Amino acid sequence: VAETPLVSGNSTRLLVDGADTFAAMFAAIKNAKSTINLEYYIFEDVESDGERLGDLLIAKQQQGVAVNILYDSYGSNANKPEVFKRLKEAGIQVVEFNPVNPLNPITLNNRDHRKMLVADGARAIVGGINLSSTYQSSGPGKSGGVENKPGQHWRDTDLQIDGPVVAQLQTLFLEHWSAQKGPPLDRDKYFPA
């Protein structure tokens, strides 16, 4: 269907809801040695175990890890502009997917619904979970939730993938990055030997 070859030698892990997924994402980011690519429809400065995503990404950038973010301008429009400004000022490359232009109806409907993290070209986390605090709210019938957020809960699943097939996901990210006129990236750095 995707016109790509099947690739063996991979391992997968099912990630159910935000708690599992955010813990896996933060671990992948912490363990990254060379590159971190994030492509999300909704990109918020989420938190996992008391640590903010923005702080972690900036720390990795300062360690010499190349961090690239591609976010959908419509899906992430509720985000505070200071979040992206802070990341850019720290040297992280941030690209807005199809900035919304009311004079161009094509940009209104052409959205990027991908939810994907690729670390070092060897580990990927993909699925339906956005980088949004809504995925951290308590499920139905439970008390608690995110402070100052309504008691809603979005149920979804992600998949952590380790192995050679991650190169295909890395290629998808780089194609979208290039199509959105992101700064040139040294492709050799993004694919492990």
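Heavy atoms only: backbone and side chains are in, while hydrogens, waters and symmetry mates are out. Numbers here are sequence positions counted from 1. For clarity, every value in this text was computed on a predicted model and none was experimentally measured.
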Exercise for review: Indicate whether the side chain of N68 and that of Q93 have a donor and an acceptor atom separated by less than 3.5 Å.
Suggested key: yes

Point to revise | Side chain to side chain, L57 and I36, heavy atoms closer than 4.5 Å | key: yes

Practice item. Check whether more than 12 heavy atoms from other residues, nucleotides or ligands sit under 6.0 Å from atom CG of D49, and answer yes or no. Key: no

**Study point:** ILVMFWY cluster, L185 and V67 together (side-chain gap under 4.5 Å)
**Key:** no

Check your understanding: Does the D120 side chain pair with the main chain of P192, one donor and one acceptor, at a distance under 3.5 Å?
Key -> no

Review point. Does the ring center of F43 lie less than 6.0 Å from the ring center of F84?
Key: yes

Review point. Does R86 reach the side chain of D55, with side-chain heavy atoms less than 4.5 Å apart?
Key: yes

Review point. Does the side chain of S132 reach to within under 4.5 Å of the side chain of Y40, using non-hydrogen atoms?
Key: no

Practice item. Please identify each residue that fulfils side chain to side chain contact (heavy atoms under 4.5 Å, CB included) with Q160, with sequence neighbours left out. Key: R13, L15, A24, R123, I125, D162

**Study point:** S73 side chain to E96 backbone, donor-acceptor under 3.5 Å
**Key:** no

Point to revise | Polar side-chain atom of D45 near backbone of L53 as donor-acceptor pair, under 3.5 Å | key: yes

Point to revise | Identified side-chain contact (heavy atoms from CB on, under 4.5 Å) partner of L117 from the options L169, I29, N37 | key: I29

Check your understanding: Any sub-3.5 Å donor-acceptor pair from W177's side-chain atoms to P183's backbone N or O?
Key -> yes

Check your understanding: So do the side chains of L131 and K115 get within less than 4.5 Å of each other, counting heavy atoms only?
Key -> no

Review point. Can you check whether D17's main-chain N or O pairs, donor with acceptor, with D156's side chain at less than 3.5 Å?
Key: no

Exercise for review: Could you state whether V95 and F173 fall into the same hydrophobic cluster, counting links through intermediate Ile, Leu, Val, Met, Phe, Trp or Tyr residues with side-chain heavy atoms under 4.5 angstrom apart?
Suggested key: yes

Practice item. Measure the CG-CD distance between N98 and Q180 for me, rounded to the nearest 0.5 Å. Key: 4.5 Å

Review point. How long is the gap from CD on Q63 to NZ on K33, to the nearest 0.5 Å?
Key: 8.0 Å

Practice item. Verify the ring-centre separation between Y71 and Y41: is it less than 6.0 angstrom? Key: no

Check your understanding: Considering all heavy atoms of both residues, which atom of I42 and which atom of N130 are nearest to each other, and what is their separation?
Key -> N-OD1, 2.9 Å

Check your understanding: Could you give the distance from CG (D188) to CG (D186), rounded to the nearest 0.5 Å?
Key -> 5.0 Å

Point to revise | Basic-acidic side-chain contact under 4.0 Å: R52, E44 | key: no

Review point. Atom OH in Y74, atom NE2 in H113: separation rounded to 0.5 Å?
Key: 9.5 Å

Check your understanding: Quick check: does any side chain N or O of N10 sit under 3.5 Å from a backbone N or O of V165, one acting as donor and the other as acceptor?
Key -> yes

Check your understanding: Checking S48 side chain against F26 main chain: does a donor-acceptor pair fall under 3.5 Å?
Key -> no

Review point. If you round to the nearest 0.5 Å, how far is NE2 of H176 from OG1 of T171?
Key: 13.0 Å

**Study point:** Short side-chain to backbone donor-acceptor contact, E39 and D72, under 3.5 Å
**Key:** no

